[in-house]
Amino acid sequence: MRLETKIKVPYLDLRIPPEEREILLRAIDRVFQHGRFILGPEIAEFEAAIATYCNRKYAVGVGSGTMALFLGLKAMQIGPGDEVITTSLSWIATANAIALTGATPVFADIGDDLNIDPKSVSRLITSKTKAIVPVHYTGKVCNMEALKRVAGNLKIIEDAAQAFGALYNGKCAGSFGDLACFSMNPMKIFAACGEAGVILTDDPAVHERLIALRYNGTVNKEWCIASSLNGRLDTIQAAILLHRFKKVDAIIKKRREIGDLYNQYLSPFVKVPNEKSNERDIYFTYQIQTPRRNELKLYLEERGIEVKIQHPLLMCQQSIYEKNPHHADRAKTLVQNILCLPMHEKLSGEQQEYVIDSIRDFFGNNQHNRNL
Ligand SMILES: *Cc1c(COP(=O)(O)O)cnc(C)c1O
């Protein structure tokens, strides 16, 4: 039974406010007028902006984050016979992209930060291992120092889909690997109004290969150098992203303020994300951990607060991957305790306070703090 509550707290709110709607309509109309719907001028402009922001030489706009991973792995010459180590806790796209190249996804365990555990990675490396795909899960960059030490000569391909603008030792997510992939789907912090993604690299040869791979492996309209798909980014989405790019730092700032507030008031009751001094998390999701997760979920839902359990099935527990090599003892325990709270830049102060109060009430602290 849902209680009658004054306040509702949606998990996400993807509607576009009227002022932004006007700007986006004008940006789309400019594309209508020049008519270059595929690889129009906005694409190169978008790619240049992202490459600069992430301090990389090249950016290649593609149709989705999944496509970015698939084409990125292909560009790194990963294929049949190779093993690629990734985390056990991520959206299934990470594993699927590896498997679709013909390589075998191998799943490492996670640490308390919910990111891939470098020690687990080192125990899974074999003579067939070709690359590591760390996922900056929840918008927190993995421990890249430890991971690079473990990787040695292996390629690193960052799945930075959730982490645009996150920092580690002052460097941007997407600037650590031989190649990095972002998703700009509408749920992501830096979001298009549809599917979109981007690949980053500093290697001119890899860049050249990516340009061919994103259009059926063709070098010009006729000459095909590799079997691939059509993975190009729409000009309309690039035009939207160019506008949204100007807003992304403000969005991150707002999310970090909400994250700080949650961290401060919820840490006595649940395990909250632990941002270290050398990190800047962007809170793509805000995930708490508590052994009373299922009870808390029902309690919050009854109060009109939308919460989510993400990926209760680890990638290595999916029937198609359960026979693949994996370590997931820690991940199996941690996913039982994880709950994602509403986290988006449109949350009002009142809504944030209501989430915090409700969680404090659940844990039996009846002292409301109405003036946080
Ligand atoms: C969103 C996401 C993807 C896939 O991106 P799409 O744009 O939806 O294809 C891949 N990996 C992770 C970790 C993601 O969160």
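In each ligand, atom 1 is the first atom listed, and ligand 1 is the first ligand listed. Not measured: the values here are computed from a predicted model.
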Please identify which atoms of ligand 1 are closer than 4.0 Å to at least one heavy atom of V135. 13 (C)
Could you tell me which atoms of ligand 1, counted from 1 in the order shown, lie closer than 4.0 angstrom to a heavy atom of T94? 11 (N)
Polar side chain donor-acceptor pair, N143 to Y168, under 3.5 angstrom: yes
Under 6.0 Å from the six-membered ring centre of Y299 and within 45° of its axis: does the NZ or CZ of R303 meet both? yes
What are the atoms of ligand 1, with element, lying closer than 4.0 Å to any heavy atom of A93? 4 (C), 10 (C)
Between E301 and K297 (salt bridge meaning N to carboxylate O under 4.0 Å), is one present in this structure? yes
Residue pair H326, F107: steps toward the ring-ring contact (aromatic ring centres under 6.0 Å, His included) verdict: CA-CA 4 Å; H326 63 266; F107 302 98; 7.1 Å; no
Per-atom filter on ligand 1: closer than 4.0 angstrom to a heavy atom of S64 are 7 (O), 9 (O)
Polar contact flag for G65 and ligand 1 (N/O pairs, less than 3.5 Å): yes
Which Ile, Leu, Val, Met, Phe, Trp or Tyr residues join L167 in one cluster when any pair of side-chain heavy atoms under 4.5 Å counts as a link? none
For T138 and Q162, which I'm curious about, is there any donor-acceptor pair between the side chains at under 3.5 Å? no
Members other than I252 in its cluster, when Ile, Leu, Val, Met, Phe, Trp, Tyr link by side-chain heavy atoms under 4.5 Å? I38, L39, I43, F46, I50, Y53, F164, F182, M184, I189, F190, V198, L200, L233, L241, L242, F245, V248, I251, I282, F284
Are the charged groups of K8 and E306 less than 4.0 angstrom apart, N to O? no
Polar atom proximity, S90 to ligand 1 (N or O, under 3.5 Å): no
For atom 2 (C) of ligand 1, which candidate among E195, Q162, K188 provides the closest heavy atom? K188
When distances are taken from atom 8 (O) of ligand 1, the protein heavy atom at minimum range is N185 ND2, 2.9 Å
Which ligand 1 atoms, with their elements, are less than 4.0 angstrom from a heavy-atom of T66? 4 (C), 5 (O), 6 (P), 9 (O)
Quick one: look up the protein heavy atom nearest atom 11 (N) of ligand 1 and list residue, atom name and how far away it is. D159 OD2, 2.8 Å
Can you tell me which residue and heavy atom of the protein come closest to atom 3 (C) of ligand 1, and the distance to 0.1 Å? W91 CD1, 3.5 Å
